[in-house]
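Ligands are counted one by one from 1 in listed order, and the atoms in each one are counted from 1 as well.
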Amino acid sequence: MNEQAAVFNALNAEISDRNARLVAVSKTQSVEKIQALFDLGQRVFGENRVQELLAKQPLLPVEIEWHLIGHLQSNKVKFIAPIVSLIQSVDSFKLLQEVDNQAVRCGRVIDCLLQFHVAEEETKFGFSEKAAREMLTNPEFSSLQNVRICGIMGMATFTENQSQVRLEFRRLRQIFEQTKADFFSDNPSFRELSMGMSGDYKIALEEGATMVRIGGLLFK
Ligand SMILES: *Cc1c(COP(=O)(O)O)cnc(C)c1O
């Protein structure tokens, strides 16, 4: 077994032991490397750029579930609407409305996660709790028929400080639970908590992640 296979199998066992799922973050990786991971059994891949996703997707198996995990501009939604299986990075009402529009045009329902900002860095995108509440209580939100909100996504601060990372993941978990209780209590689709990357996925799993997004560790 080669090294990638060993890393993949061990990671998969660790993640599925926690009843979570692995999103293989394939940004900057070649089509060949993605195909190799597909051949080992991985089906869910995450890309953070629209252009890169559009370039790779036609060259790879149709069985792949593509997740968009990076900041998405409204004017680019139309390009990915036919092919994306989950948009993890919905960070504004305007963007969600455009996803709904484009989903209508494609005759499909697009699954989405709401991205929340809990990290210290201002560079990271995402809703504040206040902004999310404003959207979720807006009657226009309830009128969106072609998006399905499946949970939330977030990122911790990039720091060596493990206890800070843990507190931020715990905060995301609280936001997930509160949002579910207040707005999605009768909606079984709202169940995903996407958090954790190569450097902090173990903490994320301990704090209740249902999906971890791992790139570097898998492709090194
Ligand atoms: C790149 C990226 C990841 C994966 O990061 P690694 O450190 O390579 O595991 C996860 N989530 C998002 C949003 C990313 O952009």
Got the closest protein heavy atom to atom 9 (O) of ligand 1, with its distance?
-> Ser198 OG, 2.5 Å

Return the residue, atom name and 0.1 Å-rounded distance of the protein heavy atom closest to atom 14 (C) of ligand 1.
-> Lys27 NZ, 3.1 Å

Under 3.5 Å between some N or O of ligand 1 and some N or O of Gly215?
-> yes

Among all protein heavy atoms, pick the one closest to atom 13 (C) of ligand 1 and tell me residue, atom and distance.
-> Ile69 O, 3.4 Å

Please tell me if the side chains of Glu47 and Gln57 come closer than 4.5 Å, counting only heavy atoms from C-beta onward.
-> no

Is Leu11 linked to Phe38 within one hydrophobic cluster, defined over Ile, Leu, Val, Met, Phe, Trp and Tyr using a side-chain heavy-atom separation of less than 4.5 Å?
-> yes

Salt-bridge contact Glu129-Arg171 (side-chain N to carboxylate O under 4.0 Å) = yes

If we number the atoms of ligand 1 from 1 as shown, the ones under 4.0 Å from a heavy atom of Arg213 are 4 (C), 9 (O), 10 (C), 11 (N), 12 (C), 13 (C)

Considering heavy atoms of the protein only, find what lies nearest to atom 10 (C) of ligand 1 and give residue, atom and distance to 0.1 Å.
-> Met197 SD, 3.3 Å

Per-atom filter on ligand 1: closer than 4.0 angstrom to a heavy atom of Met155 are 13 (C)

Using distance alone, with no hydrogens and no angle criterion, decide if Asp39 and Gln35 have a side-chain donor and acceptor under 3.5 Å apart.
-> yes

Same hydrophobic cluster for Val84 and Ile149, using side-chain heavy-atom links shorter than 4.5 Å among ILVMFWY?
-> yes

Does a donor on one side chain sit under 3.5 Å from an acceptor on the other, for Gln178 and Gln174?
-> no

Reported CD-to-CD1 distance for the pair Gln88 and Ile152, which is rounded to 0.5 angstrom = 11.5 Å

Does Gln88 come within less than 4.0 Å of ligand 1, judged by its heavy atoms?
-> no

Could you find the nearest protein heavy atom to atom 8 (O) of ligand 1 and give me its residue, atom name and distance?
-> Gly216 N, 2.8 Å

Quick one: does Ile214 get within less than 4.0 Å of ligand 1, heavy atoms only?
-> yes

